[in-house]
Peer 1: 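Take this structure, written in structure tokens, and hold onto it; I'll ask about it next.
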Amino acid sequence: MASIMPTFGLRRLPLLNKFRSTLPPPPPLRLHRSSSSIALPVAISSAASSSTYEGSEEPESNTNTLSTAIEEPRNKNKNKKPKPFFPKRGETLELVCETLAFKGKGLCKVEDTGYVVMCDRALPGERFVGRVTRKKNNYSEVTKVKTLSPHRDMVEAPCEYASHCGGCRTQNLLYEAQVRAKEEQVRDLVVHVGKFPYKDAEFENVMKPIVPCDMQFHYRNKMEFSFGPKRWLPKEQLANKSEDTNVFSLGLHAPGFFDKVLNVDKCFLQSEPANKVLAAVQDCWRNPELGLSPYDCHSHTGFMKHLTIRSGRDAETRDPQLMVNFVTSSYKPELLKPLVDKLAVFPEMVSIMNNINTSVGNTSVGEEEYTLYGKATITEILRGLAFEISANSFFQTNAHQAEILYKLVEDCAGLKGDGSEIILDLFCGTGTIGLTLAKKVKHVYGYEVVPEAISDARRNAKLNGIHNATFIQGDLNKISESFGNDFQRPDIVISDPNRPGMHTNLIKYLLKLKASRIVYVSCNPATCARDLDLLCHGSVEQKLQGCYRLTSIQPVDMFPHTPHIECVCLLELC
């Protein structure tokens, strides 16, 4: 099926041509669980291999042979394994980061033993001192105490918050090195978790080079900020007496904390108009005369919970549009009026919403929604279609790179072009993928659990004059024997699950359905590799018989400077 293989690879992009020729070739993939191989900790995902990490089988150096009381045979010494190493909590180790593991943590190994250690914010080539904080089944986690020598691809992060914010963990890593590490992560997971033999000559044709993002900053069309009663500061800033931690905060959560907010005045991931809105809110919301109190997640008191800023484009003029959503603990529009008046003067402002969330949880989705200014939606253009986006809609947060992602999906689908095919769009969200394909097929059936998303999908179909798309609300993790009675037998299945991947019952259904092609779009390569293994190789324990072959797996960098990776996989019926 070479004619339907996606041809949009890394080597075709101008950005790739710029840097790939200057990069050293990636190290060869190593599968043996020794001190020279990359061990995959089980905490990466529930999909990870259950095999435990084994020590190195390299010979130990012994120059003083006369000091040994009993000389062992040479071949026995050669195969002697090092002693097991189990660091204790609080112990400090000198480490060198070898590569980035999934989720962006630095993977290190203890010298002489090969014991695996994971460290947040450690980057390839960096030598540092780390303190053991947690012991897992076959590896430990450490916190970086001191950097002894920087990583080999170090650059200066343009954002002042990059060292402390949980969003851009790798902003100080050369972008070319970021995408190289992400490509290696996908390859390792497909081999180790998916059990696809990398030595197979066909595997190199299956594994495509990653597609980088040529828009490395200001690419997000949605950012959510939180209000807090106190300003969180990193340790090195606590000694600065000019910084008052008791000042109200509006920004992003400190990594690992639900109750600590790092104040942020500007974010390099969102658009410049969105940053102007954030600055305007920061400029006035703390004024005591306004009476706007931040929500305290411990005492469950306060009014302001979250500020969400969304960016879009006008369907006709392509001019930028903005939506602001204030999430509050109660409905008091009179308190928000000064902020609304201040923001309404922005020429890009189209919508100002108020979601009411009375629960004690940290969610930004409210039980009630009110329009404070303008209309309840903004629009975005994707592959020639206009999509209306509401305050709580799910929409691709990088619309620029989504154009490339959806083109890859269409290439994988291998449509005949005669309008005869049926597409089943699983986890369809607001229908973006299915609707971009609808005009080239006979019918699209979309399934999604979120009722609001289904409403958005139906509205977007009507907005674009598409009448051959049916969207059905249902939980794909709880399908019954009757699933499939609501639609015609599909020729092509598109599955775009969330991070946990597909439920076993859904995989059983797909194996029984035997559609000619499955296009699997994944935001989590670990669970994707697990599902690919089941669809292709089956499982004796789960009584599954695989019936597909993996034809293509294409990593896509949707979110530069973050550990997130998207993949588009093509499966063809054997």
Side-chain angles (χ1 to χ4, degrees), residues 104 120-121 155-173 175 178 213-228 230-234 237 243 247-258 260-286 294 304-313 320-327 339 342-343 346 348-353 362-364 378 380 389 391 393-402 557-564:
D120 193 21
R121 296 183 182 273
V155 294
E156 185 176 353
C159 178
E160 63 180 295
Y161 311 109
S163 299
H164 313 295
C165 166
C168 299
R169 293 173 179 238
T170 55
Q171 202 178 108
N172 61 339
L173 180 64
Y175 181 65
Q178 292 182 36
C213 183
D214 58 5
M215 189 176 181
Q216 296 164 25
F217 291 100
H218 308 296
Y219 58 80
R220 284 191 66 96
N221 56 36
K222 177 186 176 184
M223 283 294 296
E224 180 183 303
F225 304 96
S226 297
F227 293 90
K230 290 186 178 182
R231 182 172 298 190
W232 178 82
L233 294 174
Q237 295 181 16
E243 296 283 358
V247 176
F248 292 165
S249 181
L250 170 60
L252 300 170
H253 286 274
F257 295 98
F258 73 95
K260 302 183 186 300
V261 178
L262 171 70
N263 194 74
V264 171
D265 294 317
K266 182 179 182 179
C267 179
F268 274 73
L269 294 189
Q270 67 178 0
S271 66
E272 284 300 332
N275 272 322
K276 292 179 180 178
V277 168
L278 175 62
V281 176
Q282 290 279 34
D283 184 56
C284 66
W285 81 274
R286 296 181 185 84
M304 306 289 286
K305 285 191 168 185
H306 303 285
L307 166 69
T308 301
I309 307 175
R310 303 190 77 144
S311 304
R313 290 178 293 172
Q321 295 184 340
L322 289 175
M323 169 188 282
V324 168
N325 180 27
F326 292 106
V327 181
L339 290 179
K342 189 177 183 70
L343 299 181
F346 283 87
E348 302 90 352
M349 191 61 62
V350 171
S351 171
I352 302 179
M353 307 298 295
N362 203 30
T363 179
S364 60
I378 59 174
E380 181 57 279
I389 306 170
S393 290
F394 170 79
F395 195 80
Q396 284 287 351
T397 50
N398 185 346
H400 173 80
Q401 195 74 336
D557 186 23
M558 296 288 292
F559 309 107
H561 313 299
T562 78
H564 304 298

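For the single chain, residues carry numbers from 1 onward in sequence order.
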Peer 1: How about CD on Glu156, more than 12 heavy atoms from neighbouring residues, nucleotides or ligands closer than 6.0 Å, or not?
Peer 2: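 No, CD of Glu156 has 12 or fewer neighbouring heavy atoms, counting only those of other groups under 6.0 Å.
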Peer 1: Taking His561's backbone N and O only, do any of them form a donor-acceptor pair with Thr170's side chain (distance below 3.5 Å, no angle check)?
Peer 2: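 Side chain of Thr170 to backbone of His561, a donor-acceptor pair under 3.5 Å: yes, one is there.
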Peer 1: Go through Val327 and Phe227 one step at a time and tell me if the side-chain contact (heavy atoms from CB on, under 4.5 Å) criterion holds.
Peer 2: CA-CA 10 Å; Val327 181; Phe227 293 90; over 6 Å; no
Peer 1: What heavy-atom pair brings Ile378 and Ser351 nearest, and what distance separates the two atoms?
Peer 2: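 In this case the closest contact between Ile378 and Ser351 is CG2-CB, 4.4 Å.
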Peer 1: For the residue pair Pro158 and Phe268, what are the closest heavy atoms and their distance?
Peer 2: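 That would be O-CZ, 3.6 Å.
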Peer 1: Roughly how far, to the nearest 0.5 Å, is the CE atom of Met223 from the OG1 atom of Thr397?
Peer 2: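 Interatomic distance, Thr397 OG1 to Met223 CE, rounded to 0.5 Å: 10.0 Å.
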Peer 1: Report the C-alpha separation of Lys266 and Glu272 in whole Å, then their side-chain angles, then the decisive distance to 0.1 Å, and conclude whether the side-chain contact (heavy atoms from CB on, under 4.5 Å) test is met.
Peer 2: CA-CA 9 Å; Lys266 182 179 182 179; Glu272 284 300 332; 3.9 Å; yes
Peer 1: If you round to the nearest 0.5 Å, how far is CZ of Arg310 from CD of Glu380?
Peer 2: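 If we round to the nearest 0.5 Å, Glu380:CD and Arg310:CZ are 10.0 Å apart.
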Peer 1: Atom OH of Tyr219 and atom SG of Cys213: how far apart are they, to the nearest 0.5 Å?
Peer 2: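 So the gap between those two atoms works out to 7.5 Å.
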Peer 1: State the CD-CD distance between Gln171 and Gln216, to the nearest 0.5 angstrom.
Peer 2: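 These two atoms lie 10.5 Å from each other.
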Peer 1: Considering all heavy atoms of both residues, which atom of Cys284 and which atom of Lys342 are nearest to each other, and what is their separation?
Peer 2: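 Looking at all heavy atoms of both residues, the closest pair is SG-CD, 3.5 Å.
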Peer 1: Answer yes or no: is there a donor N or O on one side and an acceptor on the other, between the side chain of His218 and the main chain of Gln270, under 3.5 Å?
Peer 2: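 Between the backbone of Gln270 and the side chain of His218 there is a qualifying donor-acceptor contact (under 3.5 Å).
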Peer 1: Does the side chain of Tyr175 come within less than 4.5 Å of Pro560's, by heavy atoms?
Peer 2: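 Pro560 reaches Tyr175 side chain to side chain.
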Peer 1: Do Gln321 and Ile389 touch side chain to side chain, with heavy atoms closer than 4.5 Å?
Peer 2: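 Not touching, per the 4.5 Å side-chain cut-off.
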Peer 1: Using side-chain contact (heavy atoms from CB on, under 4.5 Å), reason through Val261 and His253 one step at a time and then give a plain yes or no.
Peer 2: CA-CA 4 Å; Val261 178; His253 286 274; 4.2 Å; yes
Peer 1: Tell me, do Arg169 and Asp120 make a side-chain contact under 4.5 Å, heavy atoms counted?
Peer 2: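 Contact flag for Arg169/Asp120 side chains = yes.
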Peer 1: Any chance you could measure Arg121, atom CZ, to Ser163, atom OG, to the nearest 0.5 Å?
Peer 2: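 Between atom CZ of Arg121 and atom OG of Ser163 there are 7.0 Å.
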Peer 1: Within the 3.5 Å criterion, strictly below it, is a donor on Ser271 or Ser311 matched to an acceptor on the partner's side chain?
Peer 2: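 Looking only at side-chain atoms, Ser311 and Ser271 do form a donor-acceptor pair, the distance falling under 3.5 Å.
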Peer 1: Please work out whether the ring planes of Phe248 and Trp285 are parallel, tilted or perpendicular, with thresholds of 30° and 60°.
Peer 2: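 Parallel.
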Peer 1: Apply side-chain contact (heavy atoms from CB on, under 4.5 Å) to residues Glu160 and Asp265 and explain how you reach the verdict.
Peer 2: CA-CA 10 Å; Glu160 63 180 295; Asp265 294 317; 5.8 Å; no
Peer 1: I need the minimum non-hydrogen distance between Leu252 and Phe225, along with the two atoms involved.
Peer 2: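 So the two residues come closest at CD2-CD2, 3.8 Å.
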Peer 1: Quick one: pull up CZ in Arg220 and SG in Cys267 and give me the separation to the nearest 0.5 Å.
Peer 2: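 Separation between the atoms: 8.0 Å.
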Peer 1: Hey, does the side chain of Asn398 reach the backbone of Met558 with a donor-acceptor pair shorter than 3.5 angstrom?
Peer 2: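 Here the side-chain-to-backbone pair exists.
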Peer 1: Name the one of Ile352, Leu322, Ile309 that satisfies side chain to side chain contact (heavy atoms under 4.5 Å, CB included) with Leu343?
Peer 2: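 Result for side chain to side chain contact (heavy atoms under 4.5 Å, CB included) with Leu343: Ile352.
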Peer 1: Which atoms form the tightest heavy-atom contact between Gln282 and Leu250, and what is the distance?
Peer 2: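 Minimum heavy-atom separation between Gln282 and Leu250: NE2-O, 2.9 Å.
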Peer 1: Counting distance only, does the side-chain N/O of Gln401 pair as donor-acceptor with the main-chain N or O of Asp557 below 3.5 Å?
Peer 2: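 Checked: pair present.
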Peer 1: Tell me the closest heavy-atom pair linking Glu224 and Ser364, and the distance in Å.
Peer 2: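 What the structure gives for the nearest pair is OE1-OG, 2.8 Å.
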